[in-house]
Amino acid sequence: RSVSFEAPAGIVLEDTVLTAPGNRPVAKVKRVRADISLKALLGGEIAISKIEVDEPQLILEVKDGKLNLLEAMTPKKKKDPDPNNKAEGTFRIDDIYVRNGGFRLTDNENVTLVFDDINGRASLDVDLGREQVIVDVKDVRVKSGAVKLSALDVPLKNIVAQQVKVITDRIELNGVSGTALGGAAAFGEGRGGNATFSASGRINVKAPVAAAPAPAVAPANPVAPVAA
């Protein structure tokens, strides 16, 4: 783990780990380079204009209806009763570029989601006082993944999502398409689909699904006519 600074307002972190209470890992990053927005900082706001992330691993776990990402980032404090007042502990990241990432979400009972080789662009808004984290991922591409249910595993490949949001107690995916069951079915083709994964362990998916065309079968060798 190391930290270095680059002029005029850059910072580089290597081999960084974010943990939740109980020293449970929530995120691991090989290398992060961030450019702090000096303009926003002079105005009293914490903001990062751009961040490049290499080989991040996000390990999300739902326990007792709570997402460990929020536990790791949210201090134990009373919420601001006035929604119009800006709470302490707010910051944003305007542009996040992710290369070769990994993602895992589980409730340790009913469902586990696993995605590998993730590349995409995102933005982040965090309000720790109100326990709100919004990750808006745009044009994310995933090489492979799987939805693991208690009695069924569904392998996924070549997943594309126009938008992914992590909002407090749920994860929303919009404009999703890809292939499933080893390519036997394609979902979300054309207009894409939507999926929501809630902290209660429920999954809601809406997407058009089409079976892949059956492979062509070569005709059997014709039998040559026998001369009389």
Side-chain angles (χ1 to χ4, degrees), residues 1-2 12-20 22-34 48 50-63 66-73 93 95-124 126 133-150 152-183 187-188 193 195-199 201 203 205:
R1 301 174 183 177
S2 65
V12 177
L13 305 175
E14 294 184 353
D15 298 321
T16 303
V17 180
L18 174 67
T19 60
N23 203 32
R24 294 174 294 152
V26 175
K28 300 178 181 179
V29 180
K30 182 68 175 178
R31 185 179 187 274
V32 178
R33 187 191 184 283
I48 296 176
K50 179 181 177 181
I51 185 169
E52 297 176 350
V53 188
D54 293 326
E55 299 182 28
Q57 296 293 324
L58 195 58
I59 310 163
L60 301 185
E61 180 182 82
V62 176
K63 187 176 181 181
K66 296 181 180 180
L67 192 63
N68 62 346
L69 177 63
L70 294 176
E71 291 185 304
M73 302 184 69
I93 303 176
D95 283 303
I96 306 172
Y97 295 88
V98 176
R99 292 185 289 263
N100 302 321
F103 173 88
R104 183 177 187 273
L105 170 66
T106 182
D107 65 354
N108 293 314
E109 292 182 5
N110 302 310
V111 61
T112 297
L113 310 177
V114 180
F115 300 104
D116 296 309
D117 198 0
I118 301 172
N119 294 273
R121 183 172 64 90
S123 62
L124 173 71
V126 177
V133 178
I134 299 178
V135 181
D136 190 355
V137 182
K138 302 175 179 65
D139 298 324
V140 62
R141 295 180 178 272
V142 183
K143 186 174 182 180
S144 63
V147 177
K148 300 177 181 291
L149 306 177
S150 56
L152 177 68
D153 289 353
V154 181
L156 306 172
K157 284 189 175 182
N158 302 321
I159 306 162
V160 178
Q162 296 177 359
Q163 186 182 68
V164 180
K165 289 186 177 182
V166 180
I167 307 174
T168 309
D169 61 348
R170 68 188 186 277
I171 297 176
E172 298 178 355
L173 293 86
N174 299 312
V176 183
S177 62
T179 57
L181 302 174
F187 60 92
T196 301
F197 308 94
S198 66
I203 300 179
V205 179

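Both backbone and side-chain heavy atoms feed into the values below; hydrogens, waters and symmetry mates do not. None of these values were measured; they are calculated from a predicted model.
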>> When you compare the side chain of V26 with that of I59, does any pair of heavy atoms fall below 4.5 Å?
In response: no
>> Using the side chain to side chain donor-acceptor pair (under 3.5 Å) criterion, which residues pair with Q57? Sequence neighbours excluded.
In response: none
> Who are the side-chain contact (heavy atoms from CB on, under 4.5 Å) partners of T16, not counting sequence neighbours?
Replying inline: L13
>> Taking side-chain contact (heavy atoms from CB on, under 4.5 Å) as the definition, give me every residue that meets it alongside S123, ordered by chain and number, with sequence neighbours left out.
In response: D136, K138
>> Using the salt bridge (Lys or Arg N to Asp or Glu O under 4.0 Å) criterion, which residues pair with K50? Sequence neighbours excluded.
In response: E52
> Closest approach of V17 and P25, non-hydrogen atoms and distance?
Replying inline: CG1-CB, 4.4 Å
>> Under the rule for salt bridge (Lys or Arg N to Asp or Glu O under 4.0 Å), what residues qualify as partners of E14, not counting sequence neighbours?
In response: R31
> What closest approach, in Å, do L58 and A27 show between heavy atoms, and which atom pair accounts for it?
Replying inline: CD1-CB, 4.0 Å
>> Run the side chain to side chain donor-acceptor pair (under 3.5 Å) test against E55 and tell me which residues pass, sequence neighbours left out.
In response: none
>> What I'd like to find out is whether the side chain of D116 reaches to under 4.5 Å of the side chain of I118, using heavy atoms alone.
In response: no
> With sequence neighbours excluded, what pairs up with V29 under the side-chain contact (heavy atoms from CB on, under 4.5 Å) test?
Replying inline: V32, V53, P56
> Does CZ in R24 sit with more than 12 non-hydrogen atoms of other residues, nucleotides or ligands closer than 6.0 Å?
Replying inline: yes
> Can you tell me how far the OG1 atom of T112 sits from the CG atom of L60, to the nearest 0.5 Å?
Replying inline: 11.5 Å
>> Test of understanding: with salt bridge (Lys or Arg N to Asp or Glu O under 4.0 Å), list the residues that count as partners of D15, not counting sequence neighbours.
In response: K30
Anything under 3.5 Å between a donor and an acceptor, one on a side chain of residues 95-104, the other on a protein residue two or more places apart or in another chain? List them.
unit_1 : atom_1 : unit_2 : atom_2 : d
D95    : OD1    : R121   : NH1    : 3.3
R99    : NE     : D54    : OD1    : 2.8
R99    : NH2    : D54    : OD1    : 2.8

>> Has T179 got a side-chain atom pairing as donor or acceptor with K157's backbone, closer than 3.5 angstrom?
In response: yes
